Student: 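Right, I'll just put the structure down here and ask away after.
Predicted model only: the values in this text are computed from it and were never measured. For reference, positions follow the sequence shown, starting with 1. Quick note: numbers below take in every heavy atom, side chains included, and nothing from hydrogens, waters or symmetry partners.
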Amino acid sequence: MTAEALIRLYYTHFNTRRLEDAASLIAPHAALEQLLTGPQQPGPRGYLEFAKLWLHAFPDAVFTIENISSADGATYNVDLLSSGKHRGTLGVGGLVFRPHGADARLRLRELLQIRQGAIVASTLSFDLQDIIRQLVHVDSAALLSRLTRIFALAEELKLAQTHEERSRELVQRIGFELDAARHVVRPYFK
């Protein structure tokens, strides 16, 4: 089987949920770097760990190969489009994306090294800002509520400038409200 045929089969197995078959195309000690999950086990076990995590977040996920290229015949750059509805929590490094049913179309790039008919290394990369843009739902009503409180506290602070203790109290409350507003805008931070 050619390397390109192996790569196409690898993603076909994922798309048809034949994960064990996809894992069988990976060498037992293959180095896997799926930046979404951080450190992971090598080989087929690491692949299955990643695939299950991705399918938890996107149960209907499909990987579409947009391009396969190789400069040396051993390392292949695979441009992918992953599409699916965001239905489960997705952890990316220290960030957590809670589901809200977004129809996601995420661009990924997988760098695969192939030797003797098996994947011996894989590095998956992605555009974090694209993931944030597509998977984050900002609760506008909650944000407006926080901003209203911040503006009201700012007006109180203007009036309390000559009262040091009251000013400190207001600054503390403003800090709390700013933190809460930031969490509404960036809910993916733990």
Student: Strictly below 4.0 Å, N to O, side chains only: are Glu164 and Arg168 in salt-bridge contact?
Tutor: yes

Student: Is Ile68 reachable from Val62 through a run of hydrophobic residues whose side-chain heavy atoms are each under 4.5 Å from the next?
Tutor: no

Student: Could you check whether any side-chain N or O of Asp21 sits under 3.5 Å from a backbone N or O of His13, counting only pairs where one atom can act as donor and the other as acceptor?
Tutor: no

Student: Using a cut-off of 6.0 Å, state whether more than 12 heavy atoms not belonging to Arg166 lie near its atom CZ.
Tutor: yes

Student: Please name all residues satisfying ring-ring contact (aromatic ring centres under 6.0 Å, His included) with Phe97, sequence neighbours left out, ordered by chain then number.
Tutor: Tyr188

Student: Drop me the distance from Leu48's CG to Phe50's CZ, to the nearest 0.5 angstrom.
Tutor: 11.5 Å

Student: Rounded to the nearest 0.5 Å, how far does CG of Leu25 lie from OH of Tyr10?
Tutor: 8.5 Å

Student: Nearest 0.5 Å, what's the NE2-CD distance between His163 and Glu165?
Tutor: 10.5 Å

Student: Considering only NZ, NE, NH1 and NH2 on the basic side and carboxylate oxygens on the acidic side, decide whether Asp103 and Lys85 come within less than 4.0 Å.
Tutor: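 Answer for the salt bridge query: yes.
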
Student: Give a yes or no answer on whether the side chain of Ser167 reaches the backbone of Ala160 with a donor-acceptor pair at less than 3.5 Å.
Tutor: yes

Student: Just checking, is any N or O donor in the side chain of Thr12 or Arg8 under 3.5 Å from an acceptor N or O on the other one?
Tutor: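 Short answer, no.
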
Student: Is there a side-chain contact between Leu106 and Phe126, using heavy atoms and a 4.5 Å cut-off?
Tutor: no

Student: Taking the side chain as C-beta and beyond, is there a heavy-atom pair between Ser145 and Arg149 under 4.5 Å?
Tutor: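 Heavy-atom side-chain distance check passes, below 4.5 Å.
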
Student: Check this for me: Gln172, atom CD, are more than 12 non-hydrogen atoms of other residues, nucleotides or ligands nearer than 6.0 Å?
Tutor: no

Student: Find out whether Ile114 and Thr75 are in side-chain contact, i.e. whether some heavy atom of one side chain is under 4.5 Å from a heavy atom of the other.
Tutor: no

Student: Please tell me if the side chains of Leu153 and Leu157 come closer than 4.5 Å, counting only heavy atoms from C-beta onward.
Tutor: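 Contact flag for Leu153/Leu157 side chains = no.
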
Student: Using 0.5 Å steps for rounding, measure from the CD atom of Glu49 to the CH2 atom of Trp54.
Tutor: 15.0 Å

Student: Does the side chain of Phe151 come within less than 4.5 Å of Glu156's, by heavy atoms?
Tutor: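 SC-SC contact between Glu156 and Phe151 ruled out.
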
Student: Where is the tightest heavy-atom contact between Ala61 and Leu55, given as atom of each residue plus distance?
Tutor: CB-CD2, 4.2 Å

Student: Got a second to check how far Glu110's CD is from Leu124's CG, nearest 0.5 Å?
Tutor: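 Answer for the CD-CG pair, Glu110 versus Leu124, is 5.0 Å.
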
Student: Ile119 and Leu111: same hydrophobic cluster, using ILVMFWY side-chain contacts below 4.5 Å?
Tutor: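 No, Ile119 and Leu111 fall in different hydrophobic clusters.
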
Student: Between Val136 and Leu128, is there shared hydrophobic-cluster membership here, with clusters defined by ILVMFWY side-chain heavy atoms closer than 4.5 Å?
Tutor: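 The answer is yes; both residues are in one hydrophobic cluster.
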
Student: Can you name the closest pair of heavy atoms from Lys158 and Gln161 and give their distance?
Tutor: O-CG, 3.5 Å

Student: Answer yes or no: are there more than 12 heavy-atom neighbours, outside His100 itself, under 6.0 Å from its atom NE2?
Tutor: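 For His100, atom NE2 is crowded (more than 12 foreign heavy atoms under 6.0 Å).
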
Student: Charged N to carboxylate O under 4.0 angstrom, Arg182 versus Asp179?
Tutor: no

Student: Taking salt bridge (Lys or Arg N to Asp or Glu O under 4.0 Å) as the test, write out the residues that go with Arg87, two or more places apart.
Tutor: none

Student: Measure across Ser82 and Leu108 and return the closest heavy-atom pair with its distance rounded to 0.1 Å.
Tutor: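 Scanning both residues, the minimum pair turns out to be CB-CD1, 3.9 Å.
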
Student: For Val120 versus Ala27, what's the shortest heavy-atom pair and its separation?
Tutor: CG1-CB, 4.1 Å

Student: Considering the options Asp79, Asn67, Asn77, which one meets the side-chain hydrogen bond (donor to acceptor under 3.5 Å, both in side chains) requirement together with Arg109?
Tutor: Asn77

Student: Is there side-chain contact between Thr64 and Leu80, with heavy atoms separated by less than 4.5 Å?
Tutor: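 No; the side chains remain at least 4.5 Å from each other.
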
Student: For Pro99 versus Gly88, what's the shortest heavy-atom pair and its separation?
Tutor: CB-N, 3.5 Å

Student: Please report the closest heavy-atom contact between Ala121 and Ala30, naming both atoms and the distance.
Tutor: N-CB, 4.2 Å

Student: For the OG1 atom of Thr123 and the CG atom of Leu112, what is their distance to the nearest 0.5 Å?
Tutor: 8.5 Å

Student: Are the side chains of Val96 and Thr89 in contact, using a 4.5 Å heavy-atom criterion?
Tutor: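 Of all side-chain heavy-atom pairs linking Val96 with Thr89, at least one is under 4.5 Å.
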
Student: If Ile, Leu, Val, Met, Phe, Trp and Tyr residues are connected whenever their side-chain heavy atoms lie under 4.5 Å apart, and connections chain through other members, are Leu144 and Val184 in the same group?
Tutor: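 No, it is not one cluster - the side chains of Leu144 and Val184 are not joined through contacts under 4.5 Å.
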
Student: Quick check: is Leu81 connected to Phe58 through a chain of hydrophobic side chains (ILVMFWY, heavy atoms under 4.5 Å apart)?
Tutor: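 Unlinked, Phe58 and Leu81 end up in two clusters.
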
Student: For residues Glu66 and Arg107, determine if any side-chain heavy atom of one lies less than 4.5 Å from a side-chain heavy atom of the other.
Tutor: yes

Student: Would you kindly check if the NZ (Lys) or CZ (Arg) of Arg17 is within the cone defined by 45 degrees around the ring axis of Phe14 and under 6.0 Å from the six-membered ring centre?
Tutor: yes

